[in-house]
Q: 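Have a look at this one.
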Amino acid sequence: MVLLEVCCTGIESALNMLGEGAQRVELCSVLECGGLTPTWLSRLRDRTATSLLSHAHVLIRCRPGDFCYSHAEVEEMCRSIRLCREARVKGVVIGALTPAGDPDLPALRKMIHVATGQSDSMDTTDSEHELTLVFHRAFDECRDPFTALEQIISLGFHTLLTSGQAPTAEQGIPMLRKLVEQAAGRINIMAGKGVTLDNVARIIRETGVPAVHLSERAGIFKLLRHIQNANS
């Protein structure tokens with residue numbers, strides 16, 4: 001069964017998408033720039049959407065633009081990750097690059113330490129809650145995708161969201177196929193960007209990706225049937 005993740009910009013829409021058949025949601029805001037950390041992130045701590053939390057990943061991206069972050073920006077994203085741990089959401093979607101186009105290992109390690117509770121010695125309330133880790137489409141700007149994939153795997157990421165370094169996942173089918181082959185089950189390759197009812201079956205069939213990612217929309221059940229047919 002291929003996992004269907006839907007990107008949502010609000011709690012109500014996320015609950016609606018889960019109700020329509022999505023297995024997981026990514027929570028974010030400002031989709032026009034590719035998505036940012038939800039401005040309403042603190043609301044998740046109210047426990048008002050407990051049925052959502054175990055199915056939700058939260059995008060952690062502090063600003064639009066490139067993925068090269070200052071120390072202050074990394075600290076800001078670490079604070080957002082800490083809020084996610086306190087809310088006990090399923091996971092976070094993060095990424096950071098060097099100016100040369102490689103994964104920024106120090107910045108990523110710092111965020112991962114917060115996500116897994118390793119750097120929160122003062123936090124006892126949620127010290128046992130570790131977030132699952134998704135590397136976002138910053139990967140599509142990496143200069144060497146195959147070396148970057150190995151680095152991302154070694155950091156302990158569970159999923160890589162990518163369009164195969166192309167404008168859309170459909171155009172990135174050849175690269176997505178290579179990434180799935182190289183990953184060999186060590187990390188889930190999730191195809192995202194431009195996934196539609198018209199191309200989802202082809203993307204899954206020709207790449208073997210175990211997961212797809214799309215923006216919130218009506219007709220999730222129909223898309224789910226496409227996915228099931230493509231995987232049968």
Side-chain angles (χ1 to χ4, degrees), residues 1-10 13-36 55-59 61 64 67 90-91 93 95 132 134-146 148-149 152-153 157-232:
M1 179 66 179
V2 175
L3 183 142
L4 170 62
E5 178 180 271
V6 182
C7 182
C8 298
T9 56
S13 61
L15 290 170
N16 289 338
M17 291 297 98
L18 288 172
E20 287 197 30
Q23 291 99 334
R24 196 166 72 202
V25 293
E26 179 193 90
L27 306 177
C28 68
S29 61
V30 199
L31 283 176
E32 304 79 53
C33 69
L36 298 177
H55 300 284
H57 282 176
V58 177
L59 176 62
R61 185 183 176 206
F67 301 101
K90 182 175 181 61
V93 185
T132 57
V134 179
F135 196 98
H136 59 51
R137 289 189 59 239
F139 176 83
D140 292 324
E141 297 185 15
C142 287
R143 61 173 176 166
D144 182 343
F146 305 112
L149 177 60
I152 290 167
I153 290 171
F157 280 87
H158 305 90
T159 300
L160 169 63
L161 173 61
T162 174
S163 62
Q165 296 206 315
T168 68
E170 186 173 22
Q171 293 170 283
I173 282 175
M175 175 62 74
L176 286 167
R177 184 187 306 118
K178 291 177 182 178
L179 294 172
V180 170
E181 292 172 353
Q182 181 178 335
R186 294 175 296 160
I187 189 173
N188 289 324
I189 305 299
M190 176 183 289
K193 183 63 176 177
V195 178
T196 68
L197 292 172
D198 295 326
N199 63 26
V200 63
R202 179 189 174 210
I203 291 169
I204 294 168
R205 182 178 63 252
E206 296 187 15
T207 66
V209 291
V212 293
H213 171 98
L214 67 157
S215 299
E216 59 185 284
R217 65 188 71 178
I220 290 298
F221 274 130
K222 185 178 180 182
L223 179 56
L224 191 57
R225 293 190 195 97
H226 274 260
I227 292 172
Q228 290 170 331
N229 291 337
N231 202 42
S232 61

Q: In Å and rounded to the nearest 0.5 Å, what is the CG to CG distance from Asn188 to Leu161?
A: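 Interatomic distance, Asn188 CG to Leu161 CG, rounded to 0.5 Å: 12.0 Å.
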
Q: With rounding to the nearest 0.5 angstrom, report the CZ to CD1 distance, Phe135 to Ile153.
A: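 One finds 12.0 Å between CZ of Phe135 and CD1 of Ile153.
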
Q: Is any side-chain heavy atom of Thr159 closer than 4.5 Å to one of Thr132?
A: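 Heavy-atom side-chain distance check fails, nothing below 4.5 Å.
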
Q: Distance check, rounded to the nearest 0.5 Å: Arg61 atom CZ versus Ser29 atom OG?
A: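 So the gap between those two atoms works out to 10.5 Å.
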
Q: On a heavy-atom basis, which atom in Gly34 and which in Leu59 lie closest, and how many Å separate them?
A: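 Looks like O-CD2, 4.3 Å.
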
Q: Do Val30 and Pro64 make a side-chain contact, defined as non-hydrogen atoms from C-beta onward lying under 4.5 Å apart?
A: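 No; the side chains remain at least 4.5 Å from each other.
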
Q: Minimum heavy-atom separation for His136 to Val93, with atom names?
A: CB-CG1, 3.4 Å

Q: Return the minimal non-hydrogen interatomic distance between Val195 and Ala169, and the atom names on each side.
A: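 Closest heavy-atom pair between Val195 and Ala169: CG2-CB, 4.2 Å.
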
Q: Locate the shortest heavy-atom distance separating Glu5 from His57; write the atom from each residue and the value.
A: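 Looks like OE1-ND1, 3.9 Å.
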
Q: Hey, what do you get for OG (Ser163) to CD1 (Ile173), rounding to the nearest 0.5 Å?
A: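 The distance works out to 11.5 Å.
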
Q: Could you tell me the separation between the CD atom of Gln165 and the SG atom of Cys142, rounded to the nearest 0.5 Å?
A: 6.5 Å

Q: Is it true that a side-chain atom of Arg202 and a backbone atom of Asp198 form a donor plus acceptor pair closer than 3.5 Å?
A: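 Side chain of Arg202 to backbone of Asp198, a donor-acceptor pair under 3.5 Å: no, none is there.
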
Q: Mind listing the closest non-hydrogen atom pair of Leu176 and Gly164 along with its distance?
A: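 So the two residues come closest at CD2-N, 3.8 Å.
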
Q: I'd like to check Val209 versus Val2 (side-chain heavy atoms, cut-off strictly below 4.5 Å). Are they in contact?
A: no

Q: Is there side-chain contact between Lys193 and Pro167, with at least one heavy-atom pair below 4.5 Å?
A: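 No - every pair of side-chain heavy atoms lies 4.5 Å or more apart.
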
Q: Specify the closest pair of heavy atoms between Val25 and Cys8, including all atoms of both residues, with the distance to one decimal.
A: CG1-SG, 4.1 Å

Q: Just verifying a value: how many Å separate His158 NE2 and Arg186 CZ, rounded to the nearest 0.5 Å?
A: 14.5 Å

Q: Can you find a heavy atom in the side chain of Leu214 that is under 4.5 Å from one in the side chain of Thr196?
A: no

